[in-house]
Each structure stands twice: as C-alpha cells, then as structure tokens.
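Working notes, beginning with the structure itself.
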Amino acid sequence: MTVKEAFEIVKGLTDGRNRSKLFSPKTMSQISEYESNNDIHIPESYKEWLLLSNGGRLFGGYVNLYGIDNSPQPAIGDDFSNGKVPNEYIILGYMEEQHICCDKNSGKFFLYEYIEPTQYFTNFADVLEYIIDICLN
C-alpha cells in the first residue's frame, strides 16, 4: 500500500465510529520552511502524507497525526509525554497510548509506549497500512 492509497481509504471514512477528519494539505515549500524554522527533518514518506493531508484525526480520534501548523492541534515534534519519548525520536502523532515516531538517525518508523519502540516499519505507508488493518478489521 502507498501513502496515497492509504489516504484515499481514510478520506472515504466520513461517518460512523471510524469517521476521519483530514486537514488541508501543505506544499513542499511550506514543509521545508517548517523544517528550517524548527530544526527538524521530516521523513520523505511522511512528507508524502503532508502533501495530501496536514495531519488529522483518524478512526473517530483513535489515531491522531500531526501536521505543521494546525493550531491548536499538536505539530510534528510536539512532545506531550513529559520527556518520556527520547529526543532522538520525532513524534508524528499517536494511536491510543502509543506515539507514532520516526528515529532521527535510522529513519525507521515505530510505535512507542514509553518503554521502548514496538512495531517497527520501513516507511510511513507501512504505518498507515498497519493502522488501517487494525481499525477496519
């Protein structure tokens, strides 16, 4: 599954308990400006998502993905864990009690539960596929 295919699935969930709200997409120049202003490097596969949707609340709020400027919504890199998520991880959102993160060094994606990373993924499309499988099956 690609990021675009996952986006189309989520975009189609407009009512019921799996209802999803997606925010307006961003441009590559807006993403680059955010990276520069916040001294952060957003992984390429997450940039693909931002070009389609600048974050959102998915599956009735079970999953929240951060964007780059949806105030008062959290932004990429915001840490509400009181320092429990190590600095080498970029927080991209959360699913229930797990942060959706990317390792700044390796570029791997994973879910983080305040102890250690779990459920490793190669790219953000794989994260989306995992979330869709959990929520729709």
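Worth knowing before you read on, the calculation uses all heavy atoms, side chains too, and leaves out hydrogens, waters and symmetry mates.
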ILVMFWY cluster, F23 and I42 together (side-chain gap under 4.5 Å): no
Looking at every heavy atom in both [X] and [Y], which two are closest together, and how far apart are they?
| X | Y | value |
| --- | --- | --- |
| N54 | K26 | ND2-CE, 3.2 Å |
| G67 | L50 | CA-CD2, 4.0 Å |
| N18 | L136 | ND2-CD2, 3.5 Å |
| F121 | L111 | CE1-CG, 4.2 Å |
| H41 | I90 | O-CD1, 3.1 Å |
| I9 | M1 | CD1-CE, 3.7 Å |

Quick one: [atom1] on [X] to [atom2] on [Y], what's the gap to the nearest 0.5 Å?
| X | Y | atom1 | atom2 | answer |
| --- | --- | --- | --- | --- |
| I91 | D78 | CD1 | CG | 8.0 Å |
| Q73 | R57 | CD | CZ | 4.5 Å |
| N64 | F59 | CG | CZ | 12.0 Å |
| C101 | Y94 | SG | OH | 13.5 Å |
| K108 | D126 | NZ | CG | 12.0 Å |
| K4 | K11 | NZ | NZ | 6.0 Å |

With a 4.5 Å heavy-atom cut-off, do [X] and [Y] have their side chains touching?
| X | Y | result |
| --- | --- | --- |
| L128 | L65 | yes |
| L22 | W49 | yes |
| I68 | N38 | no |

I134 and M95: CA distance, side-chain angles, deciding distance, side-chain contact (heavy atoms from CB on, under 4.5 Å) verdict: CA-CA 11 Å; I134 285 176; M95 179 175 75; 4.3 Å; yes
Mutual orientation of the aromatic rings belonging to F109 and F124 [parallel < 30°, tilted 30-60°, perpendicular > 60°]: tilted
Derivation of the side-chain contact (heavy atoms from CB on, under 4.5 Å) call for V10 and I132: CA-CA 8 Å; V10 173; I132 289 168; 4.2 Å; yes
Treating [X] as the side-chain partner and [Y] as the backbone partner, does any N or O pair qualify as donor plus acceptor under 3.5 Å?
| X | Y | value |
| --- | --- | --- |
| K104 | N87 | yes |
| E5 | T2 | yes |
| S36 | S32 | no |
| Y34 | A75 | no |

More than 12 heavy atoms of other groups within 6.0 Å of E88 CD: yes
Residue D39 excluded, over 12 heavy atoms near CG under 6.0 Å: no
CA sep, side-chain torsions, deciding dist, call: Y62, C135, side-chain contact (heavy atoms from CB on, under 4.5 Å): CA-CA 9 Å; Y62 180 72; C135 294; 3.5 Å; yes
Passing option when V3 is tested against K47, E8, E129, E48 for side chain to side chain contact (heavy atoms under 4.5 Å, CB included): E48
Verdict with reasoning, Y66 to I76, per side-chain contact (heavy atoms from CB on, under 4.5 Å): CA-CA 5 Å; Y66 299 168; I76 293 170; 4.0 Å; yes
